[in-house]
Q: 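Could you have a look at this structure, given as structure tokens, before my questions?
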2 protein chains.
Amino acid sequence: MPRSRVTIRDVAALAGVSHQTVSRVINGHERVTPETRQRVMRAIDDLGYRPNEVARSMAQGRTRLLACFSPNLIDYTFASLIEGAEQMARQQGYFLLSASAPDEETFACLVEELIHSRRADGLIVFNPYSDGRYTRMPKGVPGVYAGVHTPTEELDTISLDDKEGGRIAAQHLLSLDHRRIACLTGPITEECTRERLAGLANALGDAGARSEDSVNFEGDWSVESGYRATQMLLRSGHEFSAICAQNDRMAIGAIHALREAGLHVPQDVSVIGFDDIPLAAYINPPLTTIRQVPYDIGQVAARLLIERVEQPTRAVQHLLLPAKLIVRESTAVYQHRAVKNEPR
Amino acid sequence: MPRSRVTIRDVAALAGVSHQTVSRVINGHERVTPETRQRVMRAIDDLGYRPNEVARSMAQGRTRLLACFSPNLIDYTFASLIEGAEQMARQQGYFLLSASAPDEETFACLVEELIHSRRADGLIVFNPYSDGRYTRMPKGVPGVYAGVHTPTEELDTISLDDKEGGRIAAQHLLSLDHRRIACLTGPITEECTRERLAGLANALGDAGARSEDSVNFEGDWSVESGYRATQMLLRSGHEFSAICAQNDRMAIGAIHALREAGLHVPQDVSVIGFDDIPLAAYINPPLTTIRQVPYDIGQVAARLLIERVEQPTRAVQHLLLPAKLIVRESTAVYQHRAVKNEPR
DNA sequence: TTGAAAGCGCTAACAA
DNA sequence: TTGTTAGCGCTTTCAA
């Protein structure tokens, strides 16, 4: 009894042709008589034949499977990117296998099992510079870096224009007369943290703000970390009238901490986020933020990767997607009463 | 030039054994002399050999790839389930390919391309009853339904105990003296919507509440839909002192709508959610909710599926995970001033 | 314990 | 236009 129900040879037998002719029909080759094609198609239908993709992969040396490694699969940014990449991949006849690679170790392991063992044709890596994972990147394999600004010589990259996003956020606060801005950053090891910070610094510099008026607290993107960082900020004694959070979740944590401290947003402190997650417009107060569309990043990443898989010699590309300010109600004009707490 | 850098035969040649012996070493068979094994291992290292997984899949008739179809990959519940399933799969030597199947059509297409073409060994389907997708389920293929209560004869199922969750939510509100409860439901076509509703009705019945005191508005799980449904509720003229939302996002939308209408939560209206998303504790007011852990559902689903893949005749299992009430600040004792608006 | 032969289901190259 | 012959890289008999 055959392992797979029906093979190409069964179809060939029924249609009275060679299995090769069946293969031609399946693959849409021209050189087949319409009549033969008909017969083969009928046989395929009658038998309920389905090509075995593993066998095709084997014979062709390509799997039409793309891998996508990201720190996790749950956070809105990552999940959106993955869905974007998956849609584009499927549209182009590929599948996307997404895996969470929270650390360098796991990353290396996945590269081994998915790329070196030839299960996948190519690889999208999200945030490869958040630790040493870029060092574990396989050579000579089609790959795309997402969330990366530093142009690489070998790999295509696609990212949000984080620096510009940071600049726009700062500029918005500056335009509301805020001068003492506290920034809640992501892990400083991550490139996008540094980019957003650089954009902020640029805007501050351009506006002639004194650098000693600003202060950074490092979080890990989670709402908890934003909450804790804000508590520390409040205890630190730093003066500030605005918080620039590098993502919406930390911004929400910040607002929560401020509220617990009896401070009102935006009357006492303005808060701006980053991402524009679906909930941003519905929290209290609705969050002013910088919108990025990770879904688009994923789509572009998959497109770039497929291009490279199918055309390995194509010139390397580096793309940047625009950031956009979304003004809601968590930011307001500076009221000349910046928060000042005594250091404990 | 060989398509794959190094094959089992290259290793065999270098080690001076047959390729079959190399295969035995790779697969950890017993019947190999330690000495031979050593030689082969050295050759593998020297050549940087990696088994080609496609060829293994081909020869073995199994791919060690699992598929997971869910309505989308982005929503917290789905993304968590996927990550849970992915972790469990990898732990057991499988990979998980997750794909979004928002409609029956896409679902059927994915079944065709992933299952019938034998790319995947088995299939996890999340919410198969949200439309007709369960009718497109392949027969005779290892599969698991997640988020399903109706025991099937053929497939393993794993779900949150939604009915109990609904009951607990209602009971909490009842214990706070609320009697007029408005429920914001998910799509009524979905099984978990109906289960949570049934739990609610049971609790209400047990407490002797009049059924005409409760009212349902249907949403689609999105924060927007919760917002709109609540606006409609307010305009409808129904009296209510509490809103029981079937997920946290709709609860957040509801709170937003109430706030816009000048109502305070929980002083004027109590709101309870469902899920306990990470942001639930940080919104204003912190959300009372029913916790479920979709990550665990995913883990169990993957475990069940792998068991079935490896042991097709094992008895069918139907599992239910417990729901838990998390009390925060969005619910309070009934203040004897239920909202009453005139119908427009 | 090891090796030789056959085949997994398909595509590619060549021949007819 | 169609068929034949070889593989793709591995595992699984079966012999030795």
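Excluded from the calculations below are hydrogen atoms, water molecules and symmetry mates; all remaining heavy atoms, backbone and side chain alike, are included. All values derive from a computational prediction rather than experimental measurement.
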Q: What's the closest nucleotide to the A:A55 side chain, out of C:dG9, C:dG3, D:dG9?
A: C:dG9

Q: Can you tell me if A:T36 touches the phosphate of D:dT1, counting only side-chain N or O atoms and a distance under 4.0 Å to OP1 or OP2?
A: no

Q: Starting at CZ of B:R50 and ending at P of D:dC10, how long is that distance when rounded to a whole Å?
A: 11 Å

Q: Would you check if there is a donor-acceptor pair between the side chains of B:T63 and B:D121 at a distance under 3.5 Å?
A: yes

Q: When you measure from the side chain of A:D103 to the backbone of A:T106, do you find a donor-acceptor pair of N or O atoms at a distance under 3.5 Å?
A: yes

Q: Can a donor-acceptor pair be found between the side chains of B:Q87 and B:E83 at a distance below 3.5 Å?
A: yes

Q: Taking the side chain of A:N52 as its heavy atoms from C-beta onward, which of C:dC10, D:dT11, D:dG3 lies nearest to it?
A: C:dC10

Q: Does a sphere of radius 6.0 Å around CZ in A:R42 hold more than 12 heavy atoms from other residues, nucleotides or ligands, not counting ones at 6.0 Å or beyond?
A: no

Q: Should the pair A:R314-A:D156 be classified as a salt bridge under the 4.0 Å nitrogen-to-oxygen rule?
A: yes

Q: To the nearest Å, give me how far apart CD (B:E53) and C1' (D:dG9) are.
A: 11 Å

Q: With a non-hydrogen cut-off below 4.0 angstrom, is B:V54 in contact with a base, only sugar-phosphate, or nothing?
A: nothing

Q: What's the CZ-C1' distance between A:R9 and C:dG7, to the nearest Å?
A: 10 Å

Q: Examine distances only and state if a side-chain atom of A:N52 and a backbone atom of A:A55 form a donor-acceptor pair shorter than 3.5 Å.
A: yes

Q: Quick one: which of C:dC10, D:dC8, C:dG3 gets closest to the side chain of A:M58?
A: D:dC8

Q: Per the side chain to side chain donor-acceptor pair (under 3.5 Å) rule, which among B:E113, B:H116, B:E112 passes with A:R50?
A: B:E112

Q: Does the side chain of A:S18 get closer than 4.0 angstrom to OP1 or OP2 of D:dG3 through an N or O atom?
A: yes

Q: Does B:S57 have a side-chain nitrogen or oxygen under 4.0 Å from the phosphate oxygens OP1 or OP2 of C:dC8?
A: no

Q: I need the CD-C1' distance between A:E35 and D:dT2, as an integer number of Å.
A: 13 Å

Q: Pull out every protein N or O sitting under 3.5 Å from an N or O of nucleotides 12-16 of chain D, one pair per line with the distance.
A:
from   : atom 1 : to    : atom 2 : distance (Å)
D:dT12 : O4     : B:Q20 : OE1    : 2.7

Q: Roughly how many Å is it from CD1 in A:I26 to C1' in C:dG9, rounded to a whole number?
A: 10 Å

Q: Nearest to the side chain of A:T21, which nucleotide is it out of C:dT2, D:dG3, C:dC10?
A: D:dG3

